[in-house]
Amino acid sequence: MPAFCENVVFRGLFLFFQKNPPLAWIGGIDPSSQNFRLVLVLLLLGAAIAMFVKNKPRMDAVGVIMIAALPFTGIITIEETLVGFSDPNIVLIAVLFVLGEGLVRTGVARNLGDWINTQASGNETKLLVLLMLSVAGLGSVMSSTAIVAIFIPVVFRICNNTGIAPSHLMMPMSFAALISGMMTLISTAPNLVVNSELMRQGEGGFGFFTITPFGLAILALGVGYMLFARKWLPDNSEKSGKKIRKPTIKDWINKYGLKDREYRVKILPDSPLLNLQIQDLNLSQDGINLLAVERKEGKKTVFIRPNKQMQFMEEDVLLLDIRSDEVKIKSLSEEFRVEKMSLAMGKSYLTDTAQEMGMTEAILPVESTWVGKTVRDARVKSDYGLTVIGLWRGNAPLVEDFLDVELKVGDTILIAGFWEDIKRIQQDNDQLVLLHLPSEFDEVLPAADKGVHAILILMLVVFLMVAGILPNVHAVILGCLLMGIFGIVDMNSAYNSISWKSLVLIVGMMPFSIALQRTGGVEMASEALLSLVGDSAPRVAIGALFLITAILGLFISNTATAVLMAPIAIAMAYDLGLSPYPFAMAVILAASSAFMTPVSSPVNTLVVAPGGYSFGDFIKIGVPFTIIVMIIAILLIPLILPF
């Protein structure tokens, strides 16, 4: 069939089914009746919820299915189902992911985790309090899911250092991340969905910090609750530790005996090195390897890969690997007029330069041309820019003069250098097969020196939103552009940071709000809730609304829950002749109260395996806390947002 004819046929079928919905053929039901159209919408909504519960197909696919199906009801047009893609709040959610990515790439979140470890000094109570406060604070301006993903390795590092079971910290961290959704207007998607519905109904919307008093109160209670409830948490240190741990640079320092081999010396103004190039020296013959040169360039410190033609400059710091004793360092200092520098507290052999440099183990395969040669003859430094700093043969390292030992098949060598060079040699499987990359390799930050820039940009964005100088979405877009200008994020990382799955889900569910309003479904749900609470006080209505939203959130995502419950909450307020803001706030707080099961939120799901939790662990800890949050909501909402 020609393409033109196909288009005519499909267009005709579309118009036919739009005017004559298939279910209308049954029993001669009038397809134009309000009740029939409501049944169609409820059937589609029920199908969506069933697919969410079964998790087949994936959530964003369900959103696309609903976008395609709703126009066939004749209640809304295809243009109206797609209007969510132009909604400012959808754009705002997308660009907030990018803003959060900037905090990830600069290491702001990870540095905060390291600070927590230092401040707590191994005390579990201090760790729990600082961890929850930090996660909730940082989560107030970036994705709670991203926060948990960032902090999981941080918590593991803390647990490895202190001996605390990960199960004692992972669930408190996930609860704090969920509470962070109650801290600011932009902290989670459901807040923006409810705010968007308020504005669509002609109301003014919430302010940036309107939700904050509730979040602070719930956070304080959450910290206190977890300090009490942690005795119910499992001690699953063995279960959660089944995952094979990557080696660290410290592991190799101990394995190869490198602890006392790294030295740093600064070139003094009268040093004879200032007139020399590296090729003029014969350091390797003296058992000295120059790993890198640390140089000041303006306010920045850069690490430079040494090459033969490189000239030394005053105040350059040389990172040296010396297979000798303190006597050689003393003679070196006197001969070349260099000053020995101390390593940072608690640091040793490249551990404080792990953002730029590292090391890796590699084994010699049969086909390697290095077999039969010494390390010196293999020319690893000149060909790859890497330095061989250790050789393991059999069950022990070769310590003395291993550079002149003839290499054999199966020998394991430890090589050090810049990460770029290590990644390059990883592709050359003919000479070496890399056995391990250390855990530090996974923690290399693309923009480690831009942390201050990221924080200042974030502060500017928050100021512009709070002061009302720019609309929220405009302020965040400006912040993302500044992140790009300063090299914190690039276009690829920006696109990759956005959870397109979440956006498509929200857009796909938003048309239900319009469809339910046009068919009277929202009004019916509101009346059903009102009949449930009867003539009780408005606080009872708030409690019923919170409870239904929280229960619905057990089966579908909190974002989809907010999309469905926001119009019902506002209609309920109008029917009671009350302000819609308390009722909208109840939906916001309930949507973030996904504490009861490990599948209530991706935040909970992420910590199940690392913490070694069972389904029952979440019920045991989460259900009581959800009830506490509901009581707090019932008490506080009318005080802060009067009826």
Side-chain angles (χ1 to χ4, degrees), residues 157 160-161 244-265 283-292 294 303 306 317-333 338 340-354 356-364 370-371 373-378 380-381 384-419 421-422 425 432-441 443:
R157 192 157 63 234
N160 287 336
N161 292 336
I244 298 175
R245 184 178 70 89
K246 281 189 173 184
T248 65
I249 291 177
K250 282 187 178 180
D251 292 336
W252 287 330
I253 290 172
N254 296 328
K255 180 179 178 180
Y256 287 87
L258 305 176
K259 185 178 179 181
D260 299 319
R261 277 182 38 185
E262 185 192 7
Y263 291 87
R264 298 189 187 183
V265 295
L283 297 176
S284 60
Q285 294 298 325
D286 297 325
I288 300 173
N289 284 313
L290 177 59
L291 301 176
E294 182 182 331
F303 289 85
V317 176
L318 311 183
L319 278 65
L320 304 173
D321 170 76
I322 300 181
R323 300 178 306 283
S324 186
D325 51 28
E326 192 70 25
V327 176
K328 182 168 284 189
I329 274 291
K330 188 174 181 181
S331 63
L332 183 73
S333 299
V338 292
K340 181 184 174 185
M341 301 183 68
S342 301
L343 297 179
M345 183 71 68
K347 299 293 183 179
S348 60
Y349 209 105
L350 299 185
T351 55
D352 59 341
T353 60
E356 295 81 14
M357 303 176 63
M359 58 181 73
T360 185
E361 276 188 317
I363 192 169
L364 268 68
W370 295 356
V371 174
K373 296 181 180 179
T374 66
V375 173
R376 294 186 197 276
D377 295 336
V380 183
K381 183 76 171 179
Y384 294 98
L386 297 167
T387 302
V388 178
I389 57 175
L391 175 62
W392 187 278
R393 178 172 290 171
N395 297 316
L398 301 182
V399 180
E400 298 296 332
D401 300 323
F402 68 86
L403 294 181
D404 297 313
V405 173
E406 191 175 282
L407 295 171
K408 298 180 179 180
V409 174
D411 279 349
T412 300
I413 63 173
L414 185 67
I415 49 179
F418 288 81
W419 291 120
D421 298 326
I422 290 175
I425 202 173
L432 289 174
V433 177
L434 264 59
L435 295 177
H436 307 285
L437 282 170
S439 59
E440 286 86 353
F441 179 78
E443 299 177 4

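The chain is numbered in sequence order, starting from 1.
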Inset, instruction - Kindly give the heavy-atom pair with the smallest separation between V405 and R393, and that separation in Å. - result: CG1-NH1, 3.7 Å
Inset, instruction - First locate atom CH2 of W252, then atom CG of L258, and finally report the distance between them rounded to the nearest 0.5 Å. - result: 11.0 Å
Legend entry - D421: salt bridge (charged side-chain N to carboxylate O under 4.0 Å, His left out) partners, not counting sequence neighbours: R305, R424
Inset, instruction - Specify the closest pair of heavy atoms between A292 and P306, including all atoms of both residues, with the distance to one decimal. - result: CA-CD, 3.9 Å
Inset, instruction - With sequence neighbours left out, write down each residue that passes ring pair (Phe, Tyr, Trp, His ring centres under 6.0 Å) with F418, or none if nothing qualifies. - result: none
Legend entry - Sidechain-backbone polar pair: W419 side chain, M357 backbone, donor-acceptor under 3.5 Å: yes
Inset, instruction - Check whether any side-chain heavy atom of I422 sits under 4.5 Å from a side-chain heavy atom of I415, and report yes or no. - result: no
Inset, instruction - For residues I389 and A416, report the shortest heavy-atom separation together with the two atoms involved. - result: CD1-CB, 3.7 Å
Legend entry - Which atom of V317 lies closest to which atom of R264, heavy atoms considered: CG1-CB, 4.1 Å
Legend entry - Distance in Å, W370 CH2 paired with L407 CG, rounded so as to fall on 0.5 Å steps: 8.5 Å
Legend entry - All side-chain contact (heavy atoms from CB on, under 4.5 Å) counterparts of D377, not counting sequence neighbours: K373, T374
Legend entry - Reported CG-to-CG distance for the pair L386 and N289, which is rounded to 0.5 angstrom: 11.5 Å
Legend entry - Spacing of CG belonging to L320 relative to CG belonging to L290, to within rounding of 0.5 Å: 6.0 Å
Inset, instruction - Supply the atom-to-atom distance L434 CG to E361 CD, rounded to the nearest 0.5 angstrom. - result: 9.5 Å
Legend entry - Heavy-atom side-chain proximity of L391 to T412 below 4.5 angstrom: no
Inset, instruction - Please tell me if the side chains of E294 and L319 come closer than 4.5 Å, counting only heavy atoms from C-beta onward. - result: yes
Inset, instruction - Can you measure from CG (L414) to OG1 (T387) and round to the nearest 0.5 angstrom? - result: 11.0 Å
